[in-house]
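Comments concern the structure below.
Here is the naming used below: chain letters follow the sequence lines, and residue numbers restart at 1 for every chain.
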There are 2 protein chains.
Amino acid sequence: MKTPEPEEERSLHMDRASTSTVTRLSSYLRLLRELEAEDLETISSKLLAERTGVTSAQVRKDLSVFGNFGRRGLGYNVHRLRDEIREILGLHHTWRVGLVGAGNLGQALYSYEGFGRQGFPIEAVFDTDPDKVGSSWNGLEIKHFEEFTRVARRKPFEIVILAVPGEVAQEVVDTVVAEGTRGILNFASAKLDVPPGVAVREVDLSIAMESLSFALSR
Amino acid sequence: MKTPEPEEERSLHMDRASTSTVTRLSSYLRLLRELEAEDLETISSKLLAERTGVTSAQVRKDLSVFGNFGRRGLGYNVHRLRDEIREILGLHHTWRVGLVGAGNLGQALYSYEGFGRQGFPIEAVFDTDPDKVGSSWNGLEIKHFEEFTRVARRKPFEIVILAVPGEVAQEVVDTVVAEGTRGILNFASAKLDVPPGVAVREVDLSIAMESLSFALSR
DNA sequence: AGATGTGAAAGTTTTCACAGCC
DNA sequence: GGCTGTGAAAACTTTCACATCT
């Protein structure tokens, strides 16, 4: 007979976290950072909800998946909750991020400072275009994608940002997954096959525009 | 006594279209374009499903929201289905698109050719930074955002791509909505309030990265 | 009184499974 | 035999409403 360990309990909870819940945690976190900058001590689910555009029950359900962070009658402690969500999202860990694809979009993503500011600095850039390979962005040399394996073997890229044409996306994915990448942010317009345990998030600008077009057509 | 008009019937159907359905329609469309280039005549929901990563029942349900496009025993005609989906998504219409924000991300989005290729060419760029206003990208002069109203009054921007800092996002939205914009592609990390009838699609890169971080932490 | 945490209800989306047409 | 279109079932997500704690 085995007493359930805390870890097991927690994983049980984790399974209840849907993608939507995780997305909302990110937006709660953003708000909490603002509130902390304003030196606010506590916040209610009601206010959290209003400021992020959801219902208060939703906020409470989302948080209750991971623990009991609030105090009845009082609300949530801003600092504590910020910390808990950072922990849940794995933001204490620093992830090693590589960018594959140094075209217009890749360059844009690289020069966009958001990734670094949010704790995901791009540590290496790869491409296959001989005109690009060897040149530098901000002192970071663009490497040939053939070198990915060598570089990753020294220290794997846990996350790869994929900004290559759709036709070569799968090929790149197979290589990076073989070298230990377990998270892919996919800007390519292509369905990716990945083994279990590898997470893919799609950022598809044409789908977003077409969805707007649909809404505007009604 | 009134006979229901075709338009009414169709709107009834349309209401059943969730965001997920519309998103999937976009990915079916992408595949259909490829198949058409390969001169394939018909396709089954089964194959459509396999190649886009969903189930065949899902494909059939999604399409059945808008009509009966298939033939039992045969499948769907590739050309016809492509055309129907284009029509459903409003892609025969050309939308006038403006970009607000000429920072790193804005520049990236502008130089990314995807928008133009997919039928959403950016027709004007606005910013408030005096260092940027007046300079040109590809022969297109960056205008001061104060001019937005004047330019839009001549011909409204139906869609605005928002690539400004979160702090000013709401202010920009209020202005563009007042000038007739009904679709917003939001890259700013901020919750936007818009009146009913205005569609917003979020592209939030930090949320996407945090969601990967969460997945990798398990 | 004020606000959380949570079962139960309601709503939504996906899958099943099969009648009906080719 | 093959494949669509679709009600019904299952799965999932959100909202309600209230017991419980401060």
Apply ring pair (Phe, Tyr, Trp, His ring centres under 6.0 Å) to A:Y28 and list each qualifying residue two or more places apart in sequence or on a separate chain. none
Donor-acceptor pair present, A:K61 side chain and D:dT15 base, under 3.5 Å: yes
Going by the rule side-chain contact (heavy atoms from CB on, under 4.5 Å), which residues pair with B:A178 if we only count those two or more places apart in sequence or in a different chain? none
Considering only residues two or more places apart or on different chains, which pairs with a residue in residues 161-173 of chain B satisfy side chain to side chain donor-acceptor pair (under 3.5 Å)? B:Q170-B:D174
A:T21 versus A:S18, side-chain donor and acceptor atoms under 3.5 Å: yes
Looking at residues at least two apart in the chain, or sitting in another chain, which of them share a ring pair (Phe, Tyr, Trp, His ring centres under 6.0 Å) with B:F148? B:F126, B:F145, B:F157
Using the closest heavy atom to pick a nucleotide of DNA chain D for each, name whichever of A:S20 or A:R71 lands nearer the 5' end. A:S20
Min side-chain heavy-atom separation A:L29-A:L91 under 4.5 Å: yes
Selection: residues 51-59 of chain B, any non-hydrogen atom under 4.0 Å of DNA chain C: B:T55, B:A57, B:Q58
Only counting residues at least two apart or in another chain, list the ones meeting side-chain contact (heavy atoms from CB on, under 4.5 Å) with B:S26. A:I207, A:E210, B:L89
Using distance only, find each side-chain donor-acceptor pair of residues 30-42 of chain A under 3.5 Å and give its atom names and separation, not counting sequence neighbours.
from: A:R30; atom 1: NH1; to: B:S189; atom 2: OG; distance (Å): 3.3
from: A:R30; atom 1: NH1; to: B:D204; atom 2: OD2; distance (Å): 3.0
from: A:R30; atom 1: NH2; to: B:D204; atom 2: OD2; distance (Å): 3.2
from: A:E36; atom 1: OE1; to: A:R82; atom 2: NH1; distance (Å): 2.9
from: A:E36; atom 1: OE2; to: A:H79; atom 2: ND1; distance (Å): 2.4

Considering residues at least two apart in sequence or located in another chain, which fulfil the ring pair (Phe, Tyr, Trp, His ring centres under 6.0 Å) criterion with A:H93? A:W95
Would you call A:E179 and A:R153 a salt bridge, taking side-chain N to carboxylate O under 4.0 Å as the test? yes
Under a 4.0 Å heavy-atom cut-off, which of residues 21-48 of chain B touch DNA chain C? B:R24
For residues B:L185 and B:F115, determine if any side-chain heavy atom of one lies less than 4.5 Å from a side-chain heavy atom of the other. yes
Going 5' to 3' along DNA chain C, between which two nucleotides do contacts with chain B fall, using a heavy-atom cut-off of 4.0 Å? C:dT13 to C:dC22
Contacts of type side-chain contact (heavy atoms from CB on, under 4.5 Å), residue B:A188, not counting sequence neighbours: B:A169, B:N186
Rounding to an integer number of Å, can you tell me how far B:L63 CG sits from D:dT6 P? 11 Å
All N/O contacts under 3.5 Å from nucleotides 18-20 of chain D to the protein, with atom names and distances to one decimal?
from: D:dT20; atom 1: O2; to: A:R72; atom 2: NH1; distance (Å): 2.8

Whole-Å distance between D:dT15 C1' and A:D62 CG? 12 Å
Taking B:R96's backbone N and O only, do any of them form a donor-acceptor pair with B:E158's side chain (distance below 3.5 Å, no angle check)? yes
